[in-house]
Amino acid sequence: MKIGILGFGSMGKAHAYCIQNLPYFFSDSLGASIGAVCTKNIENAKKASNRYNLGFFTDNEDDIIYNDDIDIIDICTPNIYHYQTAKKAILAGKHVYCEKPLAVTYKEAKELSDLAKEHNVKCMIVFNNRFLSPILKAKELIDEGKIGKILSFSIKYLHSSALDTSKNAGWKQDKDICGGGVLFDLGSHALDLIYYLCGKFASVYGKSQIAYPKRKGVDGQEWQTNADEAFYMIATLENGAHGTIEVSKITTGANDDLRFEIHGEKGSIAFDLMELNFLDFYSVDNSDGNYGGTRGYTKIECVNRYPSPGGVFPGIKAPIGWLRGHIGSYHAFLESIVNNTYKSPSFDDGAYVQGVLECAYRSDKEKREVMISEL
Ligand SMILES: NC(=O)c1ccc[n+]([C@@H]2O[C@H](COP(=O)([O-])OP(=O)(O)OC[C@H]3O[C@@H](n4cnc5c(N)ncnc54)[C@H](O)[C@@H]3O)[C@@H](O)[C@H]2O)c1
């Protein structure tokens with residue numbers, strides 16, 4: 001399978017790293033390699049191709065999408081381009097691996113998920129956190145009923161990158177390129193994790209924040225901030241659980257701080273992306289007794305304990321990092337093509353999350369709780 005990568009910024013590089021290193025991490029590396037790369041600037045495409053051995057290079061995505069030697073289109077461009085590119089690729093019969101968020105409107109995202117089914121191609125959205133060992137462990141514990149009926153959750157995804165107003169805004173802060181603000185960029189991950197682990201949303205109540213209404217725009221000129229720098233939500237799930245979601249790029253001291261707690265009738269779990277090798281788990285089944293018995297949160301070590309065919313390298317006790325989620329995600333996508341199986345997170349999941357994002361923005365605008373059924 002030959003893959004064409006569109007966009008070679010931070011995620012283009014992350015995806016290229018994953019493809020080129022799959023044989024180390026999985027016993028079935030699935031025979032994929034990079035055949036082409038496209039960036040907006042041809043010189044950058046040439047440099048990237050030479051440095052990372054990416055095959056032919058171009059500044060025109062059509063050269064890749066309509067090339068018979070390319071089987072898979074990997075979309076790593078800014079959000080506003082995802083819809084058009086993915087649509088062209090699906091119609092050209094290519095499998096598509098697309099970065100989040102899937103599109104910038106629910107209508108576009110739904111159309112893509114419908115087209116993927118109609119044209120019988122495999123399409124996956126990159127919700128890479130799902131493939132981290134502590135998240136897979138959390139999913140296993142929840143599915144096995146270890147925490148019982150879920151009552152509540154809280155999730156935060158915090159960065160500090162928008163605090164420095166002396167810097168130009170990045171495209172992720174500009175609604176005209178990102179399609180939204182921090183809710184799109186970080187919120188898509190947070191909403192997906194709650195959807196994946198706890199279930200579907202019934203309603204959302206959202207409130208956006210712009211702390212710095214004036215800053216330098218993408219081009220360095222004085223600019224009026226046009227997208228949320230932080231977003232706060234109260235959500236109710238179809239199963240009755242209630243929870244809060246906070247995403248922000250104006251949190252002093254934050255790195256890549258994705259944390260959540262999920263509380264059930266029989267137990268609780270807590271995750272922290274900056275403490276990736278562990279999952280905290282509390283069970284009411286632990287015995288009480290003198291001095292508290294064995295009660296209390298247990299730190300489950302998740303490290304590189306992936307079941308076959310993963311966990312091959314590095315050893316099972318080795319610590320993992322953020323890239324391991326991307327590697328697992330890429331493997332799952334390629335596996336779905338080779339075995340002709342449906343694999344989540346598909347474009348259906350991408351469209352679902354896009355719908356919840358849209359409801360959250362609607363709620364902020366109309367200052368009311370919005371039901372997901374209003375979509
Ligand atoms: N899943 C994750 O962990 C994660 C993390 C960061 C970003 N993302 C997503 O990845 C995507 C890319 O983000 P990034 O951080 O890599 O951005 P980036 O700015 O680092 O890179 C964007 C790349 O796209 C290229 N580009 C821009 N317009 C183009 C066009 N019209 N045609 C071809 N190439 C074009 C640029 O030249 C650049 O190489 C976004 O959708 C973002 O939301 C996902």
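Both ligands and their constituent atoms are indexed starting at 1 by order of listing.
Between K100 and D192 no salt bridge is recorded (no basic side-chain N to carboxylate O distance below 4.0 Å).
In this structure, Y52 has its ring center under 6.0 Å from that of F8. Proximity of the aromatic rings of Y97 and H15 is defined here by a centroid distance below 6.0 angstrom, and this criterion is met. Two rings, from F231 and Y361, have their centers less than 6.0 Å apart.
Taking a distance limit of 4.0 Å, we find that atom 40 (C) of ligand 1 is approached by some protein heavy atom.
Proximity of a side-chain donor or acceptor of S113 to a complementary backbone N or O of K110 within less than 3.5 Å is detected.
Shown here for L30 and V338, the closest heavy-atom pair between the two residues is CD2-CG2, 4.1 Å. Closest approach of A318 to V303, counting heavy atoms only: O-CB, 3.4 Å. Shown here for E369 and E374, the closest heavy-atom pair between the two residues is O-OE2, 4.3 Å.
Judged by the shortest distance from any of its heavy atoms, F127 lies outside the 4.0 Å radius around the atoms of ligand 1. A heavy-atom separation below 4.0 Å is found between W322 and ligand 1. Not a single heavy atom of L6 sits closer than 4.0 Å to an atom of ligand 1.
The atoms of ligand 1 that sit less than 4.0 Å from any heavy atom of N79 are 40 (C), 41 (O), 42 (C), 43 (O). Shown in contact with N128 at under 4.0 Å from a heavy atom are these atoms of ligand 1, numbered in order with element: 1 (N), 2 (C), 3 (O). Each of the following atoms of ligand 1 lies closer than 4.0 Å to a heavy atom of P78: 24 (O), 26 (N), 27 (C), 28 (N). The distance from ligand 1 to the heavy atoms of S10 drops below 4.0 Å at these ligand atoms: 14 (P), 15 (O), 16 (O), 20 (O). Close contacts between ligand 1 and H82 involve ligand atoms 41 (O) [criterion: under 4.0 Å to a heavy atom]. The contact set between ligand 1 and H326, taken as ligand atoms under 4.0 Å from a residue heavy atom, comprises 1 (N), 2 (C), 3 (O).
Between the choices K40, K13, E61, the shortest heavy-atom distance to atom 37 (O) of ligand 1 belongs to K40. One option in G7, C178, C76 has a heavy atom closer to atom 22 (C) of ligand 1 than any other, and that option is C76.
The aromatic rings of H189 and F127 sit perpendicular to each other, their planes meeting at more than 60°, with 30° as the lower class boundary. Classified by interplanar angle (parallel below 30°, tilted 30° to 60°, perpendicular above 60°), the ring pair Y282/Y297 is tilted.
Among protein heavy atoms, atom 13 (O) of ligand 1 sits closest to W171 CZ2, 3.5 Å. Y81 CE1, 3.4 Å is the protein heavy atom nearest to atom 28 (N) of ligand 1. In terms of protein heavy-atom proximity, atom 33 (C) of ligand 1 is nearest to T77 CG2, 3.7 Å. Counting only heavy atoms of the protein, atom 44 (C) of ligand 1 lies nearest to E99 OE1, 2.9 Å. Annotation: atom 15 (O) of ligand 1 to nearest protein heavy atom, K172 NZ, 2.6 Å. With respect to atom 8 (N) of ligand 1, the closest heavy atom belonging to the protein is M11 CG, 3.3 Å.
For ligand 1, none of its N or O atoms has an N or O atom of T39 under 3.5 Å away. Note: an N/O pair closer than 3.5 Å links F8 and ligand 1 by distance alone. Considering backbone and side-chain N/O atoms, G9 comes within less than 3.5 Å of an N/O atom of ligand 1. Every N/O-N/O distance between N41 and ligand 1 stays at or above 3.5 Å. Checked against a 3.5 angstrom limit, the closest N/O atoms of K100 and ligand 1 fall inside it.
Applying the salt bridge (Lys or Arg N to Asp or Glu O under 4.0 Å) test to residues at least two apart or on different chains, the pairs with a partner in residues 265-284 are D280-K299.
Put simply, the residue from Q84, K88, K40 that forms a side-chain hydrogen bond (donor to acceptor under 3.5 Å, both in side chains) with E61 is K88.
Cluster membership for L102 and L183, using ILVMFWY side-chain heavy atoms within less than 4.5 angstrom, is shared. Cluster annotation: F281 and Y196 are assigned to the same hydrophobic cluster (Ile/Leu/Val/Met/Phe/Trp/Tyr, side-chain heavy-atom contacts under 4.5 Å, transitive).
Neither the backbone nor the side chain of F184 has a heavy atom within less than 4.0 Å of ligand 1.
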